[in-house]
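Only one structure is covered here, and it is reproduced in the block below.
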Amino acid sequence: MTSTLSEQQLLVDDPTWWRQASVYQIYPRSFADANGDGIGDLRGIISRVPYLQRLGVDAVWLSPFYPSALADGGYDVADYRDVDPKIGTLEEFDQMVEALHGAGIRVIVDIVPNHSSDLHVWFQQALAAAPGSPERARYIFRDGLGEDGSQPPADWTSIFGGPSWTRVPDGQWYLHLFAKEQPDFNWDNPEVREDFHQTLRFWSDRGVDGFRIDVAHGLTKDLAEVLPTQAELDAITEPGAHPLWDRDEVHEIYAGWRTVFDEYSPPRIAVAEAWVDTPRRPRYASADGLGQAFNFDLLEADFDAAQFAKIIADNLALSAASGSSTTWVFSNHDVVRHATRYALPARNGRPGKQGRDWLLSGGTEPVADVDLGLRRARAATLLMLGLPGSAYLYQGEELGLPEVADIPADQHQDPAFFRNPGVDPGRDGCRVPLPWTRGGASFGFGSGTAHLPQPAGYADLSVEAQDGVAGSTLELYRAALALRHELQTDETLQWVEAPDDVVHFERPSGWHVVTNFGTEPTALPDGEVLVTSEPLDGGLLPGATTAWVRSA
């Protein structure tokens, strides 16, 4: 594959490429399988670079492809500077980067710094070493409570359920805020900090353009000699006061990472996955830190004009405060796909992840309005692609893929499903391999079957079924991404007065974005209609539809 001179120059010269980029998240195990073993791989990604180029994305973000026992879908990393043999080799990684760069597409990889796999060589050394040893000092080990130390150091509950402390044979306990196979690093240890600098350089030297930082609000911890109880932790409400999450000291680490990023030209970039109070998000996105932080607010919102307008305004203000650009996302590897979320009744402020109860019912209760969900998803995405900032897209959303809810229990893979049966539905439903063709054992994902079962309806949602079909979701994404490049301008917008169920804003180039969240058709501004998520109704914008209009 060859690239134009302008594409090559873009990769070399533009240090601000990320500010309004469209980034496509690849979950490697489920994107494309080149060797027919049922698991997606790097050669599969290489084979689909022309597809990504035609789609029109600026970058891809790869979820973890490192050696892993998959205790958490690859986020339990056994070696931060290698590729899982099931997925490929370092040589194939280099070939993938070269192919993507040749297509003018940058590469972002996941870094998981809060914890490693329990198979990581450091943790294995810690288990073999004595209490108080330098090997154990890389992680967080504590003696237990009680006369014989048989009680954990604290009664903390992990994110995935169950205790946060696990005992090793010599009697000590180690901390894992997630699964027991994911021991937390001790970030007070300079050796840990330096090793991650080496990891960042390792991938940057191989041409990686940026990093997505998993659990960026973790890492540093304030662990007193006497640890607080879980009830005391739960009672902490003051931002920045929690001993385990979002501590100010974490930004000292990211300042060091920024020094590493700035060793390269253009500087490497990073985006933080930081679930923190909104006013504290800008610090993660600061120029002397990671540079950008995920905004998940739209992901958690109902399909509602007032909610969308407030979220957009608030996050543009936050990005201005940090000097960064904001980010927008509707779907990823951890949540129910938005084509399905919008097919379900609105949350209306109810707690919990939307779609959880629906998944637990096997996708039967409540009944999902599939057509309405896809219509709303298309409208929401077209609105999002018109916003200033970075747009993060999840593989398969450009095909309108729904969440797969009826995976048989014995075919699930996400350990969360098995850790909390009947409580946690797991995340396999959004990780089902992509359909590329109408037929075949895995709809073109590979020559054999896929590692997760695909529904029969994937045939009509496949790339082959939608390619070149006017009005298909795939062609909508292609058209919108192409126009986005043409129309992009300053990272600002101007709100335009509109009915209560309508969100209308104008970008400085005379590019109007209008979304009708209601059910009654509404008028559009004068000008050239560039793209719509659904056909117009006699020149009016129907409900659950977005239009881009260029003023005359």
Side-chain angles (χ1 to χ4, degrees), residues 1 3-28 31 42 45-46 48-49 52-53 55-66 80-81 83 88 90-113 196-214 216 254 257-273 284-285 287-294 324-327 329 332 389-395 481 484-485 488:
M1 177 179 298
S3 63
T4 66
L5 178 62
S6 61
E7 287 169 345
Q8 293 170 345
Q9 286 301 111
L10 174 67
L11 291 173
V12 172
D13 294 338
D14 185 6
T16 63
W17 66 268
W18 50 275
R19 295 190 66 93
Q20 297 197 78
S22 54
V23 183
Y24 184 92
Q25 182 190 356
I26 291 177
Y27 190 74
F31 185 68
L42 298 184
I45 296 172
I46 293 169
R48 300 300 183 182
V49 168
L52 295 167
Q53 186 176 30
L55 185 60
V57 296
D58 301 303
V60 296
W61 150 34
L62 273 69
S63 290
F65 50 84
Y66 311 108
Y80 288 85
R81 299 196 280 271
V83 176
L90 282 172
E91 181 181 10
E92 288 170 345
F93 181 89
D94 294 341
Q95 293 168 358
M96 179 198 67
V97 171
E98 182 179 7
L100 287 164
H101 280 179
I105 299 171
R106 296 183 183 265
V107 180
I108 297 170
V109 300
D110 236 305
I111 293 292
V112 187
F196 270 88
H197 287 185
Q198 292 182 33
T199 293
L200 296 172
R201 291 189 180 100
F202 179 87
W203 295 110
S204 296
D205 289 344
R206 302 191 94 91
V208 165
D209 303 285
F211 302 91
R212 179 264 189 187
I213 312 305
D214 185 65
Y254 297 140
W257 288 21
R258 173 52 53 190
T259 299
V260 174
F261 298 155
D262 289 347
E263 294 171 2
Y264 296 86
S265 181
R268 295 332 189 213
I269 65 100
V271 57
E273 181 208 30
Y284 290 87
D288 57 358
L290 294 175
Q292 196 171 54
F294 274 123
S324 180
S325 65
T326 194
T327 60
V329 59
N332 63 34
S390 298
Y392 282 80
L393 311 172
Y394 180 52
Q395 65 177 41
L481 287 166
R484 176 179 164 90
H485 284 125
Q488 266 181 351

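Counting all heavy atoms, side chain and backbone alike, Asn332 lies closest to Gln25 at CB-OE1, 3.4 Å. Residues Gly389 and Ser325 come closest through the heavy atom pair CA-CB, 4.2 Å. Among all heavy-atom pairs drawn from Val208 and Arg268, the shortest one is O-NE, 2.8 Å. A pairwise comparison of heavy atoms in His101 and Gly207 identifies CE1-O, 3.1 Å as the closest pair. Minimum heavy-atom separation, Tyr284 to Ala293: CB-CB, 4.2 Å. Residues Val49 and Ala99 share a closest heavy-atom pair of CG1-O, 3.7 Å.
We find that Arg206 and Asp94 are joined by a salt bridge, their nearest charged nitrogen and carboxylate oxygen being less than 4.0 Å apart.
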| request: Go through the steps for Asp14 and Arg106 under the test side chain to side chain contact (heavy atoms under 4.5 Å, CB included), then give the verdict. | output: CA-CA 11 Å; Asp14 185 6; Arg106 296 183 183 265; 4.3 Å; yes

| message | side-chain hydrogen bond (donor to acceptor under 3.5 Å, both in side chains), that's the test. Do Asp288 and Tyr254 meet it? Break it down for me. | response | CA-CA 8 Å; Asp288 57 358; Tyr254 297 140; over 6 Å; no

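Listed for the Ser390 side chain is a donor-acceptor partner under 3.5 Å among the backbone atoms of Trp18. Asp58 contributes a side-chain N or O that, together with a main-chain N or O of Ser22, makes up a donor-acceptor pair within less than 3.5 Å. Side chain of Gln20 to backbone of Gln488: no donor-acceptor contact under 3.5 angstrom is found. Formation of a donor-acceptor pair under 3.5 Å by the Asp209 side chain with backbone atoms of Val107 is found in this model.
The distance from the CD1 atom of Ile213 to the CD atom of Gln292 is 11.5 Å, given to the nearest 0.5 Å. For the atom pair Ile269 CD1 and Leu290 CG, the distance stands at 9.5 Å (nearest 0.5 Å).
For the pairing with Phe196, the ring-ring contact (aromatic ring centres under 6.0 Å, His included) check across Phe211, Tyr80, Phe202 returns one residue only, Tyr80.
Aromatic pair Phe294/Trp61: centroids less than 6.0 angstrom apart.
Applying the ring-ring contact (aromatic ring centres under 6.0 Å, His included) criterion to Phe93, with sequence neighbours excluded, gives Phe65, Trp203.
In this structure the side chain of Arg212 never reaches within 4.5 angstrom of the side chain of Ser63, judged on heavy atoms.
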